[in-house]
Amino acid sequence: MLKTEIDPYRLSRRGFLNAAALGAASIAVSACTTTEPAPAPVEPPPTYVDPPLGDYATMYGPISDSGFDLPAIPIKKMDPQFLRQIVPDPTGQRPGTIIVDTTNHFLYLVREGGQAIRYGVGLGRAGFEWSGDAVVQWKQKWPKWTPPDEMVARQPELEQYSAKNGGMPGGLKNPLGARALYLFHDNVDTLYRLHGSPEWNSIGKSVSSGCVRLINQDIIDLYDRVPSKSPVIVTSDIGQPMVASANRRAIPIDGGVPDGSVLLGPVN
């Protein structure tokens with residue numbers, strides 16, 4: 001009876017020792033094995049989206065600016081496609097580039113995230129267009145206007161504003177409007193401008209001589225968004241490869257940057 005009672009004890013103890021030995025071996029093997037942690041998920045960079053522009057009644061309402069009172073624009077009389085809006089960028093150009101689409105009378109300011117701010121523009125009538133690439137090398141609020149000699153020759157009534165007579169001071173009747181961006185090509189003034197105009201009903205049409213005009217409220221907005229030396233491309237082929245060039249056959253709107261102006265520096 002004693003032997004019968006002791007044998008199960010011995011078997012149990014032996015089983016325990018064997019199990020312990022197996023457990024120690026398992027621990028020894030696992031100590032030599034490393035497990036790579038799962039890689040952390042990569043977060044995509046945040047997509048930049050321009051904030052909403054606001055309602056049109058506010059955007060095109062009356063403005064008091066530098067002592068001049070701009071009247072509200074009668075937006076209900078305008079084709080809504082020519083009002084300022086954020087759209088998918090159709091140009092493929094890098095952010096910060098200004099593209100003037102002469103076919104559809106739009107100006108695009110390319111933004112981050114595949115967006116662009118689109119403005120309606122008025123363009124030079126047939127025979128007076130300008131196209132090519134340029135750089136904004138000077139900006140001016142309520143600029144002085146000096147009609148070029150060719151324009152004075154065609155319109156003698158402009159003689160009083162010629163260069164020799166000091167030009168036309170900035171103001172509500174000035175053809176350059178509330179702001180002007182001066183376009184240069186190869187460090188030379190092209191004599192063409194992106195500028196404002198009180199003639200809101202000319203937007204979306206080809207009526208002016210050799211310029212790109214925006215509603216005064218829109219050129220003020222564009223002026224504030226455009227840094228120095230921003231590239232400008234004027235083309236009829238949006239979305240097509242754009243070749244650096246400049247067509248100087250058109251008659252310009254302006255006689256040149258005023259003497260003594262401090263430019264934004266040479267084009268890089």
- Item | salt bridge (charged side-chain N to carboxylate O under 4.0 Å, His left out) partner of Glu199, chosen from Arg213, Lys173, Lys205 | Arg213
- Query: Does the pair Tyr182 and Gln137 meet the rule for a side chain to side chain contact (heavy atoms under 4.5 Å, CB included), with working shown?
  - Reply: CA-CA 6 Å; Tyr182 292 68; Gln137 204 159 320; over 6 Å; no
- Of Val212, Val226, Leu181, Val136, which is the lone residue that meets side chain to side chain contact (heavy atoms under 4.5 Å, CB included) with Val232? Val136
Residue pair [X] / [Y], side-chain heavy-atom distance below 4.5 Å:
{"X": "Met168", "Y": "Pro175", "answer": "yes"}
{"X": "Ile238", "Y": "Ile99", "answer": "yes"}
{"X": "Thr102", "Y": "Val234", "answer": "yes"}
{"X": "Asp133", "Y": "His185", "answer": "yes"}
{"X": "Lys141", "Y": "Asp65", "answer": "no"}
{"X": "Ile117", "Y": "Gln85", "answer": "no"}
{"X": "Asn174", "Y": "Trp142", "answer": "no"}
{"X": "His195", "Y": "Gln140", "answer": "no"}

- Message: Can you tell me how the ring of Tyr161 sits relative to the ring of Trp145, calling it parallel under 30°, perpendicular over 60° and tilted otherwise?
- Response: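 It falls in the tilted class, 30° to 60°.
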Output the distance between atom [atom1] ([X]) and atom [atom2] ([Y]), rounded to the nearest 0.5 Å.
{"X": "Asp221", "Y": "Met59", "atom1": "CG", "atom2": "CE", "answer": "8.5 Å"}
{"X": "Leu214", "Y": "Ser197", "atom1": "CG", "atom2": "OG", "answer": "9.5 Å"}
{"X": "Ile73", "Y": "Leu83", "atom1": "CD1", "atom2": "CG", "answer": "10.0 Å"}
{"X": "Leu123", "Y": "Leu107", "atom1": "CG", "atom2": "CG", "answer": "9.5 Å"}
{"X": "Lys229", "Y": "Lys139", "atom1": "NZ", "atom2": "NZ", "answer": "13.0 Å"}
{"X": "Ile98", "Y": "Ile233", "atom1": "CD1", "atom2": "CD1", "answer": "10.5 Å"}

Heavy-atom pair with the smallest gap, counting every atom of [X] and [Y]:
{"X": "Met151", "Y": "Leu158", "result": "CG-CD1, 3.7 Å"}
{"X": "Ala134", "Y": "Leu183", "result": "CB-CB, 3.9 Å"}
{"X": "Leu172", "Y": "Phe68", "result": "CD2-CB, 4.1 Å"}
{"X": "Leu176", "Y": "Arg193", "result": "CD2-CG, 4.3 Å"}
{"X": "Val207", "Y": "Ser202", "result": "CG2-CB, 3.6 Å"}
{"X": "Pro231", "Y": "Arg94", "result": "CG-NH2, 3.8 Å"}

- Task: Assess Arg179 against Tyr223: is NZ or CZ under 6.0 Å from the centre of the six-membered ring, and within 45 degrees of the ring's axis?
- Result: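 Verdict for Tyr223: a cation-pi partner in Arg179.
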- Message: Donor-acceptor pair, distance only, cut-off 3.5 Å: does the side chain of Ser230 make one with the backbone of Thr97?
- Response: no
- Counting only N and O atoms by type, is there a donor-acceptor contact under 3.5 Å from the side chain of Tyr56 to the main-chain atoms of Gly61? no
- Query: Taking NZ, NE, NH1 and NH2 as the nitrogens, is one of them in Asp89 or Arg111 under 4.0 Å from a carboxylate oxygen of the other?
  - Reply: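 Salt bridge between Asp89 and Arg111, a charged N being under 4.0 Å from a carboxylate O: no.
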- Query: Stepwise, does the side chain to side chain contact (heavy atoms under 4.5 Å, CB included) test hold for Val100 with Thr235?
  - Reply: CA-CA 6 Å; Val100 179; Thr235 180; over 6 Å; no
- Query: Got a sec, which residues hit side chain to side chain contact (heavy atoms under 4.5 Å, CB included) with Ser64, two or more places apart in sequence or on another chain?
  - Reply: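 Side chain to side chain contact (heavy atoms under 4.5 Å, CB included) check on Ser64 returns Asp69.
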- Those residues that, when tested against Asn165, pass side chain to side chain contact (heavy atoms under 4.5 Å, CB included) (two or more places apart): Glu159, Ser162
- Leu109/Arg225 under side chain to side chain contact (heavy atoms under 4.5 Å, CB included): CA gap, chis, key distance, verdict: CA-CA 9 Å; Leu109 175 60; Arg225 296 178 186 272; 3.8 Å; yes
- Residue pairs, two or more places apart or on separate chains, that pass ring pair (Phe, Tyr, Trp, His ring centres under 6.0 Å) and touch residues 84-121: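 Every pair satisfying ring pair (Phe, Tyr, Trp, His ring centres under 6.0 Å) with a residue in residues 84-121: Phe82-Phe106.
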